[in-house]
Amino acid sequence: MGNLSRLLKESWTLVEEQQDKVAGYFYARIFLSNPHLRNLFPVTMDVQRARLLGAIVTAVQSLDDPDRFEEYLRQLGRDHRKFHVEPDHYDVVGGALLEALRTFAGESWSIEYDQAWGDAYNVIAKKMIAGAEADTNPAYWHAEVLTHERRSRDIAVITCRPLQYPLEYRAGQYVSVEAPRYQPRLWRTYSMANAPNKEGTIEFHVRALGAGWVSSALVRRVQVGDLLRIAAPMGTMTLDRKSTRDVVCVAGGTGLAPIKALIEELTRYNRTRWVHVFFGAKDRDDLYDLPELNKLAARYPWLSVVPACSDDRNFVGEQGNIGEVLARYGPWGDHDFFVSGSSAMVKNTLRTLAELKVPAVRIKYDTFGDI
Ligand SMILES: Cc1cc2nc3c(=O)[nH]c(=O)nc-3n(C[C@H](O)[C@H](O)[C@H](O)COP(=O)(O)OP(=O)(O)OC[C@H]3O[C@@H](n4cnc5c(N)ncnc54)[C@H](O)[C@@H]3O)c2cc1C
Ligand code: HEM
């Protein structure tokens with residue numbers, strides 16, 4: 001661990017147990033000094049009170065190797081234009097962060113800690129601002145909902161089309177989506193479930209989570225004709241067209257969305273690479289897109305699909321977590337891996353792949369939550 005990283009982690013332990021209070025103070029500081037910034041944030045902030053603070057702390061703490069995060073931070077900066085964030089807001093937020101840390105760490109706080117947080121925050125902010133400034137696209141696209149299909153208890157497949165400009169992205173990427181009619185100023189990320197096409201349509205697979213604000217609006221309330229807002233594409237879980245290795249895709253639930261986009265891209269040029277898809281869900285109902293996958297597998301001889309249920313004894317097929325199921329097949333010594341789903345599912349699969357000695361450089365993954 002580098003010195004900067006040690007200082008950041010060590011100093012965070014001084015306030016870690018008071019995160020809620022730190023967050024309260026942090027936002028109060030921002031809004032008192034700059035009341036107009038309140039309008040950038042969701043109307044009700046109690047659901048994810050610490051969202052921005054938590055995100056900044058995670059980013060700062062991950063700063064061991066800023067160049068590794070270069071592309072992510074540039075994309076994040078681009079994406080932040082959807083909140084109407086301007087370059088000078090970064091100083092306000094950085095100042096509030098340091099004030100909040102100083103206040104709650106009390107006497108144990110040191111000048112060294114102050115310097116470490118200030119430096120790390122500035123490196124990140126600079127990269128985000130540069131990313132935003134370099135982007136010539138609009139801050140977000142208005143997209144009309146064309147179809148809305150309920151596929152299970154809590155999953156919907158939605159197609160939409162951006163209205164003004166085409167939205168360029170790569171299969172495997174994701175975007176932030178807002179449903180302004182139902183949940184204004186709340187943005188959540190969803191992966192495109194199709195490869196880019198001439199018509200410019202985009203498909204999303206959305207699961208409504210219990211108390212989830214945006215996903216339940218997308219599944220239960222959004223209708224054909226509604227307008228969504230979609231921000232700049234992000235993510236690096238894309239295909240390397242030069243790779244000749246066979247491919248293994250591991251998807252959990254609606255984690256299938258980016259995998260489906262990758263498969264669709266492969267259908268356009270692949271002749272030589274075997275592609276194995278492992279699609280896991282809790283029960284049969286959650287295997288919401290299996291018929292489509294099976295159709296693709298029937299059409300493309302290089303594609304195979306293994307569905308599995310972790311919690312449905314009546315399912316005729318593989319039983320267990322998808323990571324365990326994957327380990328029953330193989331060998332997987334020389335493949336490119338794509339993994340997508342909930343954080344528990346991704347963690348579990350990454351553990352299995354590590355046990356199978358798959359080199360980390362061959363694995364690309366996206367988690368639908370913190371890992
Ligand atoms: C890169 C990326 C791509 C994504 N792609 C998709 C996609 O294609 N399809 C899709 O359906 N979702 C996807 N997600 C997840 C999505 O962004 C939201 O996190 C999810 O829909 C919940 O948002 P919400 O507003 O409904 O819930 P929130 O209002 O954010 O959360 C409300 C409550 O639900 C709980 N909660 C939130 N997320 C989870 C979770 N994953 N599991 C269990 N409880 C949870 C929270 O703890 C909270 O109590 C993706 C996430 C990421 C980071
Ligand atoms: C180092 C600087 C920053 C980092 C790493 C960062 C990171 C993030 C991340 C990862 C999220 C959650 C993702 C999302 O909802 O799209 C987020 C949300 C947000 N950020 Fe930032 N951000 C930074 C600076 C700023 C600044 C300067 C502003 C301007 C005031 C800002 C405004 C917001 C808003 C309004 C949200 C949504 C919060 C919510 O939904 O409750 N961010 N940020």
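Whatever order the structure lists ligands and atoms in, that order sets their numbers, starting from 1. Since the structure is predicted, the reported quantities are computational estimates derived from the model, not experimental observations. When a residue number appears, it is its place in the shown sequence, counting from 1.
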Location of contacts on [X] toward ligand 2, heavy atoms closer than 4.0 Å:
X      : answer
Phe83  : side chain
Leu186 : neither
Val60  : neither
His80  : side chain
Arg185 : neither

Against heavy atoms of [X], which atoms of ligand 2 measure under 4.0 Å?
X     : answer
Asp79 : 16 (O)
Ala59 : 5 (C)
Leu76 : 5 (C), 7 (C), 10 (C)
Ala55 : 7 (C), 8 (C), 9 (C), 10 (C), 11 (C)
His89 : 27 (C), 29 (C)
Pro42 : 39 (C), 40 (O), 41 (O)

- Message: Checking salt bridge (charged side-chain N to carboxylate O under 4.0 Å, His left out) between Asp135 and each of Arg81, Arg74, Lys82, which is the one that passes?
- Response: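 Going through Arg81, Arg74, Lys82 one by one, the salt bridge (charged side-chain N to carboxylate O under 4.0 Å, His left out) with Asp135 is satisfied by Arg81 alone.
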- Item | Salt bridge flag under 4.0 Å for residues Lys364 and Asp336 |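 Salt bridge flag = no for Asp336 with Lys364.
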- Query: Is Arg151 paired with Asp285 through a side-chain N to carboxylate O contact shorter than 4.0 Å?
  - Reply: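 Salt bridge flag = no for Arg151 with Asp285.
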If we set the cut-off at 4.0 Å for heavy atoms, which region of [X] has an atom near ligand 1: side chain, backbone, both, or neither?
X      : answer
Leu209 : side chain
Tyr174 : side chain
His205 : backbone

More than 12 heavy atoms of other groups within 6.0 Å of [X] [atom1]:
X      : atom1 : value
Glu168 : CD    : no
Glu112 : CD    : no
Arg268 : CZ    : yes

Who gets closest to [atom] by heavy atom: [options]?
atom                    : options                        : answer
atom 28 (C) of ligand 2 : Ile129, Val85, Leu73           : Val85
atom 26 (O) of ligand 1 : Ala179, Gly255, Ser176, Ser215 : Ser215
atom 15 (C) of ligand 1 : Leu186, Thr189, Asp154         : Thr189

- Does Thr189 come within less than 4.0 angstrom of ligand 2, counting non-hydrogen atoms of the residue?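 Contact absent.
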- Item | Heavy-atom gap Lys82 to ligand 2 smaller than 4.0 Å |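 So Lys82 counts as touching ligand 2.
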- Message: Treating Arg38 as the side-chain partner and Pro42 as the backbone partner, does any N or O pair qualify as donor plus acceptor under 3.5 Å?
- Response: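 Yes; judged by distance alone, with no hydrogens or angles, the pair exists.
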- Message: Could you check whether any side-chain N or O of Trp117 sits under 3.5 Å from a backbone N or O of Leu101, counting only pairs where one atom can act as donor and the other as acceptor?
- Response: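 No, because the side chain of Trp117 does not come within donor-acceptor range (under 3.5 Å) of the backbone of Leu101.
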- For Thr367, is the nearest heavy atom under 4.0 Å from an atom of ligand 1?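 It does, in that a heavy atom of Thr367 comes within the 4.0 Å cut-off of ligand 1.
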[X], any N or O under 3.5 Å of ligand 1 N or O:
X      : answer
Pro258 : no
Asp366 : no
Thr254 : yes

- Query: Taking Lys260 as the fixed residue, which of Val277, Leu293, Asn194 is the one that meets the side-chain contact (heavy atoms from CB on, under 4.5 Å) rule?
  - Reply: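 It is Leu293, the one option of Val277, Leu293, Asn194 that forms the side-chain contact (heavy atoms from CB on, under 4.5 Å) with Lys260.
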- Rounded to the nearest 0.5 Å, how far apart are OG of Ser304 and OH of Tyr329?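 Here the rounded value is 8.5 Å.
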- Message: As an exercise, state the distance from CZ of Arg229 to OG of Ser176, rounded to the nearest 0.5 Å.
- Response: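 OG of Ser176 is found 13.0 Å from CZ of Arg229.
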- Task: Validate the cation-pi geometry between Arg362 and Phe337: distance from NZ or CZ to the six-membered ring centre under 6.0 Å, angle to the ring axis within 45°.
- Result: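 The answer is no; the distance or angle limit is not met.
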- Give a yes/no verdict on a cation-pi contact between Arg241 and Tyr269, requiring under 6.0 Å between NZ or CZ and the six-membered ring centre and an angle within 45° of the axis.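 Geometry flag: set, cation within 6.0 Å and 45°.
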- Item | Ligand-residue contact atoms, ligand 1 with Ser191, heavy atoms, under 4.0 Å |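 Every atom of ligand 1 under 4.0 Å from some heavy atom of Ser191: 3 (C), 4 (C), 5 (N), 6 (C), 7 (C), 8 (O).
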- Atoms of ligand 1 close to Val206 [distance to a heavy atom under 4.0 angstrom, numbered from 1]: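 Result: 11 (O).
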- Task: Decide salt bridge (Lys or Arg N to Asp or Glu O under 4.0 Å) for Arg207 and Asp154; before the verdict, give the C-alpha distance in whole Å, the side-chain angles of both, and the deciding distance to 0.1 Å.
- Result: CA-CA 6 Å; Arg207 175 200 294 279; Asp154 51 10; 3.6 Å; yes
- Query: Between Tyr300 and Trp302, how do the two ring planes meet: parallel, tilted or perpendicular, split at 30° and 60°?
  - Reply: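 Plane angle between 30° and 60°, so tilted.
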